[in-house]
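Bear in mind the structure is a predicted one, so any value in this text is a computation, not a measurement.
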Amino acid sequence: MIVQSLTRRAAWTVLATLSSASTTLAEQPQLVTFDSLLAEMIDRTALAEFPDPPYTCKQFSSYDRRSVAPNDPQAWFANGDRGQYLRYEERDGRREGVMMDADGPGVVVRIWSANPQGTLRIYLDGSDEPAIEEPMAALLNGTGPVASPLSAVRARGHNLYLPIPYATHCKITCDEPDPPDVYYQINYRTYPKDVRVRSFRRRWFTMKVQAIARANFILNARPAVVIPASPFRHTIQPGETVDLSHTNSGGAIVTFELRIEHDNPDQILRNCVLRGEFDGYETINCPLGDFFGTAPGLNAYSTWSFTVDAGGVLTSRWVMPFQRSCVFRLTNLGDEEVGLTGFVHTTDYQWNDRSMHFHALWRSEGPFSTQPRQDWNYATISGQGVWVGDALSITNPVTTWWGEGDEKIYVDAEAFPSHFGTGTEDYYGYAWGSTERFASPFHNQTRCDGPGSFGFTSVNRFRLLDAIPFTESLTFDMEVWHWKDVDVHYAATSYFYARPGATHNVPPITDPKVLVLPKLELHVFRRAGALEAEKLAVIAKSAGSVLAIQSIGSGEPNTWSEMRHLWCKTTQVGDRVDFRVPVETSGRREIIVYPTRSWDYGIVQFYVNDKKAGAPLDTFNIENPNAVGVPRAYSLGIFDLTENGFTLRVEVVGTNASSRPPHYYWGLDCVVVK
């Protein structure tokens with residue numbers, strides 16, 4: 001049920017069921033414990049008040065160390081963001097790469113990796129014995145001591161959100177094999193020296209299992225909605241503005257829910273602009289769909305902050321305090337009338353000297369060229385507040401990946417960003433430009449049209465323990481780093497809390513033209529005579545041969561036919577797959593295959609009707625070991641074929657010495673029978 005009183009005391013009363021440490025925190029406000037951090041994570045009101053005790057939030061990552069200053073554009077946008085450590089240390093006969101080294105008191109609040117390897121060790125307070133020593137992949141993918149959603153894989157991105165407090169110092173290392181390869185990001189808090197923090201202990205994985213499970217349960221749960229007695233219903237004409245809620249006394253909005261009645265939600269949710277005014281300050285100015293982190297369109301997902309269900313109901317659970325007054329308005333800047341129903345639920349709240357107003361601001365630009373590369377600004381804020389999340393919508397006219405760009409977050413006018421990332425999808429908690437949609441309490445990919453990265457892609461991230469306080473200013477930039485020189489559209493929503501009087505550089509939405517969604521058309525390359533591998537009948541395969549259809553390529557000539565290939569994920573010599581290949585007419589025919597080449601691929605032998613065809617083929621990408629290579633024609637020879645077709649076998653027979661783990665993958669684009 002919804003909390004009816006949102007004073008700090010009442011909020012802590014509700015959360016006391018998490019653990020007795022909540023009471024301890026109330027009695028000793030300068031003591032930070034593992035239990036108090038779990039309680040804070042699920043306290044929606046906590047974000048709406050400037051932190052006490054205060055803290056800074058920063059990030060260590062494997063960003064390319066050539067990036068030193070923006071006056072050197074080539075280095076500033078350098079993209080070698082893997083295997084970059086602070087230093088190496090020799091310990092007990094092993095070599096450990098140091099990923100984080102920070103004085104406390106503090107808390108590690110997020111660890112992400114695209115390719116976790118080796119053992120992750122977390123040394124606290126100068127101890128030579130790690131407080132945590134776990135296989136990095138298991139700790140970050142939910143199969144180790146922490147379950148989902150605090151630890152989970154999301155679209156190939158490995159994430160850990162379990163708080164790891166430390167009293168005086170934290171060092172995190174990884175003993176991955178050479179050459180260094182791991183992508184990583186670590187977000188952490190640092191408190192003032194007089195704040196007492198109780199350091200994490202290895203035994204807490206078992207001692208605190210119920211508290212961890214309870215936090216996971218609450219983060220995953222969808223709260224029941226208490227519908228107020230007087231919901232609204234409006235039909236809004238083009239150019240019209242209606243008040244959804246108007247309150248002339250203090251309180252806090254805790255739930256905002258509505259349903260749009262229209263057959264074209266993509267454009268309608270962009271045309272309807274939500275405005276929120278708190279105590280005379282307009283702090284919300286955002287298209288409706290973008291406000292709910294799902295734009296463009298109505299894309300079902302559920303997270304800690306928002307829920308959009310398949311029936312078209314959109315729900316916000318951000319706590320939005322105000323001292324004297326609140327007005328929620330909706331303006332229809334489109335050329336069609338819009339029907340909507342819903343409610344704004346307001347409860348009691350006692351405003352105090354740490355209370356902040358909620359902001360949701362939208363900025364859009366496009367079309368603009370991806371070259372030269374640039375830092376694209378979401379928002380720049382002056383004042384005191386806390387950055388709590390953002391959503392990004394990209395319009396991409398090609399299938400090629402658009403998101404190599406790193407986030408750069410400057411807090412309180414720092415000269416170099418305290419958050420420097422490794423890629424846009426890494427910031428949003430997934431990896432490798434995955435097109436998989438996913439939903440979690442912390443981050444989501446709500447839309448990805450495809451094929452590949454073509455069309456609209458929408459992602460968001462909501463910060464709980466990894467929220468970023470600022471006392472003077474905050475600037476959030478994201479690199480525009482696309483593999484092609486094309487024109488794109490960007491639209492970003494910035495969510496933050498700020499004390500009254502804070503200012504920003506995001507202009508209000510007044511021109512309907514900025515709301516019009518671009519129309520895209522994709523031209524797809526198809527190889528003449530191609531029998532697409534992903535469409536061939538599989539008649540037999542070994543147990544270790546795992547097949548997947550993978551979107552790949554840009555649609556340009558002489559790349560991947562139909563922008564897909566069949567990807568075989570196998571890990572040992574001897575694994576094989578048999579296909580049945582159709583033939584239109586009998587006769588002597590040349591059989592040509594088009595294999596993909598990549599960094600972790602093996603050596604394969606082809607067979608036609610159980611007989612070896614051609615020499616073993618090394619599909620490791622020798623020309624560029626860090627990239628996927630386009631298919632090249634490889635003739636298996638000339639054969640007497642019948643209308644019954646033939647059997648084509650692909651068998652793994654070895655690997656290149658330079659191939660990366662797991663060494664034996666292969667991919668096949670198509671077969672051509674001449």
**Q** Run the salt-bridge test on D64 and R82 with the 4.0 Å N-O cut-off and return the result as yes or no.
**A** no
**Q** Assess whether a salt bridge exists between R461 and D466, defined as any Lys/Arg side-chain N lying under 4.0 Å from an Asp/Glu carboxylate O.
**A** yes
**Q** Tell me if a side-chain donor or acceptor on E479 pairs with a main-chain N or O of D406 at a distance below 3.5 Å.
**A** yes
**Q** May I ask you to test the H419-C57 pair for a side-chain heavy-atom distance under 4.5 Å?
**A** yes
**Q** Distance under 6.0 Å and angle within 45° of the ring axis: does R437 meet both against Y301?
**A** no
**Q** Less than 4.5 Å apart, side chain to side chain, heavy atoms only: is that true for L120 and I111?
**A** yes
**Q** May I ask you to test the W318-I253 pair for a side-chain heavy-atom distance under 4.5 Å?
**A** no
**Q** Using 0.5 Å steps for rounding, measure from the OH atom of Y665 to the OG atom of S659.
**A** 10.5 Å
**Q** Is there a side-chain contact between L37 and V32 in this structure, where contact means two heavy atoms from C-beta onward sitting under 4.5 Å apart?
**A** yes
**Q** Checking N141 side chain against A152 main chain: does a donor-acceptor pair fall under 3.5 Å?
**A** no
**Q** Below 4.0 angstrom, N of the basic side chain to O of the carboxylate: do R189 and E40 qualify?
**A** yes
**Q** Would you indicate whether F217, at its atom CZ, is surrounded by more than 12 heavy atoms from other residues, nucleotides or ligands within a distance under 6.0 Å?
**A** no
**Q** As a quick check of understanding, evaluate ring pair (Phe, Tyr, Trp, His ring centres under 6.0 Å) for Y430 and F438, giving each step before the final call.
**A** CA-CA 9 Å; Y430 62 119; F438 64 91; 5.7 Å; yes
**Q** Within the structure provided, determine whether I172 and V108 are in side-chain contact (heavy-atom separation under 4.5 Å).
**A** yes
**Q** Begin with the C-alpha distance, continue with both residues' side-chain angles, and end with the deciding distance and a verdict on side-chain hydrogen bond (donor to acceptor under 3.5 Å, both in side chains) for D81 and S62.
**A** CA-CA 5 Å; D81 295 327; S62 57; over 6 Å; no
**Q** Any side-chain heavy-atom pair from T346 and V344 closer than 4.5 angstrom?
**A** yes
**Q** Quick one: side-chain hydrogen bond (donor to acceptor under 3.5 Å, both in side chains) partners of R154, sequence neighbours excluded?
**A** S148
**Q** P145: what forms a side chain to side chain contact (heavy atoms under 4.5 Å, CB included) with it, not counting sequence neighbours?
**A** E134, L139, F205
**Q** Any side-chain heavy-atom pair from V313 and V308 closer than 4.5 angstrom?
**A** no
**Q** Please identify each residue that fulfils side-chain hydrogen bond (donor to acceptor under 3.5 Å, both in side chains) with D101, with sequence neighbours left out.
**A** R87, H169
**Q** For W387, which residues count as a side-chain hydrogen bond (donor to acceptor under 3.5 Å, both in side chains) partner, sequence neighbours excluded?
**A** D390
**Q** Going by heavy atoms in the side chains, are I164 and I132 under 4.5 Å from each other?
**A** yes
**Q** For residues 86-134, which residue pairs qualify under ring pair (Phe, Tyr, Trp, His ring centres under 6.0 Å), counting only residues two or more places apart or in two chains?
**A** Y85-Y88
**Q** In plain terms, say whether D375 and K408 are close enough for a salt bridge, that is, a side-chain N and a carboxylate O under 4.0 Å apart.
**A** yes
**Q** Consider side-chain hydrogen bond (donor to acceptor under 3.5 Å, both in side chains). Of R94, R95, K171, which one does E89 pass it with?
**A** K171
**Q** Ignoring hydrogens and geometry, is there a side-chain-to-backbone donor-acceptor pair from W432 to A114 under 3.5 Å?
**A** yes
**Q** Under a 4.0 Å N-O cut-off, is there an ion pair linking E129 with R202?
**A** no
**Q** Are R354 and F50 in a cation-pi setup, meaning NZ or CZ lies under 6.0 angstrom from the ring centre and within 45 degrees of the ring axis?
**A** no
**Q** I'd like to know if the side chain of S127 reaches the main chain of L124, judged simply by a donor and an acceptor atom lying under 3.5 Å from each other, with no hydrogens or angles considered.
**A** no
**Q** Taking ring pair (Phe, Tyr, Trp, His ring centres under 6.0 Å) as the test, write out the residues that go with F256, two or more places apart.
**A** F292, F328
**Q** Look at atom NZ of K58 and say whether more than 12 heavy atoms of other residues, nucleotides or ligands are closer to it than 6.0 Å.
**A** no
